[in-house]
Amino acid sequence: MDVSSEDLVPLLEPGEIRARVAELGAEITREYRGRDLVLVCVLRAAVVFFADLIREIPLPFRCVFARAASYGGGTESSGQVELDLDVREPLEGRHVLVVEDIVDTGRTARAILDAIEAHRPASLALCALLDKPSRREVDVPLRWRGFEVPDRFVVGYGIDFDDRFRDRPGVWMLP
Ligand code: 5GP
Ligand code: MG
């Protein structure tokens with residue numbers, strides 16, 4: 001598919017994302033105050049959300065980066081999740097919050113949660129900017145979500161189509 005930025009259809013404005021991220025940060029801060037918190041950024045598409053979210057969490061925490069890939073160059077999940085978790089940061093006995101861009105079928109989030117669960121954290125929760133509940137195939141406990149979105153392929157705010165449009169402010173739908 002050949003898409004140019006003029007074809008993109010607006011879905012979420014930068015201002016509404018900023019406001020929602022601040023709310024999520026405040027809720028997460030209340031939940032984890034006084035706990036040994038580890039925030040896991042799921043590369044690559046969650047990186048912009050993660051960068052904004054952590055600045056709304058005025059607590060001491062550690063960051064871990066995990067890489068997950070399930071999409072090839074297209075808009076359909078391959079169903080196979082490739083996962084690369086940085087295990088140098090010990091997770092055992094710590095409170096782990098996974099930060100994702102989108103929970104779609106739930107396969108990626110499930111794979112990440114299972115991989116982290118094996119490290120025996122004190123608690124494990126998931127936060128995603130976007131949730132596509134109509135697409136869910138695998139049940140995942142989504143503790144915090146920014147926005148529910150329709151079954152459309154979206155880009156912007158770090159989320160790409162073949163590495164394009166990550167830099168777009170706001171979230172957009174492909175035509
Ligand atoms: P799942 O494993 O839940 O089906 O898919 C999760 C991952 O697929 C997300 O973290 C995201 O990277 C990617 N994904 C799902 N929906 C979209 C979308 O609309 N646009 C883009 N660019 N990626 C998506
Ligand atoms: Mg992702």
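The structure displayed is predicted, hence computed values, not measured ones. Indexing begins at 1, ligand by ligand and atom by atom, following the structure's order.
Close contacts of ligand 1 with K132, meaning ligand atoms under 4.0 Å from a residue heavy atom, involve 16 (N), 17 (C), 18 (C), 19 (O). When each atom of ligand 1 is checked for a heavy atom of E100 under 4.0 Å away, the hits are 10 (O). Taking every non-hydrogen atom of G106 and a distance limit under 4.0 Å, the qualifying atoms of ligand 1 come out as 1 (P), 3 (O), 4 (O). Those atoms of ligand 1 that come under 4.0 Å of a heavy atom in R152, given as number and element, are 19 (O). The atoms of ligand 1 that sit less than 4.0 Å from any heavy atom of T105 are 1 (P), 2 (O), 3 (O), 4 (O).
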Show every donor-acceptor pair shorter than 3.5 Å between a side-chain atom in residues 146-155 and any protein atom, with sequence neighbours excluded, or say none if there are none.
residue, atom, partner, partner atom, Å
E148, OE1, R145, NH2, 3.2
R152, NH2, L174, O, 2.8

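Of the polar atoms of I102, at least one N or O is found under 3.5 Å from an N or O of ligand 1, judged by distance alone. For the pair V103 and ligand 1, the shortest N or O to N or O distance does not fall below 3.5 Å.
Residue contacts with ligand 1 for V42 are absent, since no atom lies close enough (heavy atoms, distance under 4.0 Å).
Residue R67 places its CZ atom among more than 12 non-hydrogen atoms of other residues, nucleotides or ligands, all under 6.0 Å distant.
With D7 contributing its side chain and S4 its backbone, the two residues share a donor-acceptor pair below 3.5 Å.
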Verdict with reasoning, R143 to L126, per side chain to side chain contact (heavy atoms under 4.5 Å, CB included): CA-CA 6 Å; R143 176 77 170 77; L126 176 64; 5.6 Å; no
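Ligand 1 lies nowhere less than 4.0 angstrom from a heavy atom belonging to F161. Ligand 1 lies within reach of I159, whose nearest heavy atom is under 4.0 Å from it.
Between R30 and E27, no side-chain nitrogen of the basic residue sits less than 4.0 Å from a carboxylate oxygen of the acidic one, so the salt-bridge criterion is not met. Between R88 and D86, at least one side-chain N (NZ, or NE/NH1/NH2) sits under 4.0 Å from a carboxylate O, which counts as a salt bridge. A salt bridge does not link R136 to D139: none of the charged nitrogens lies less than 4.0 Å from a carboxylate oxygen.
If you check each of V140, V155, L11, T108 against atom 6 (C) of ligand 1, the one with the closest non-hydrogen atom is T108.
Every residue was checked against the ring pair (Phe, Tyr, Trp, His ring centres under 6.0 Å) condition with F61, not counting sequence neighbours, and none meets it.
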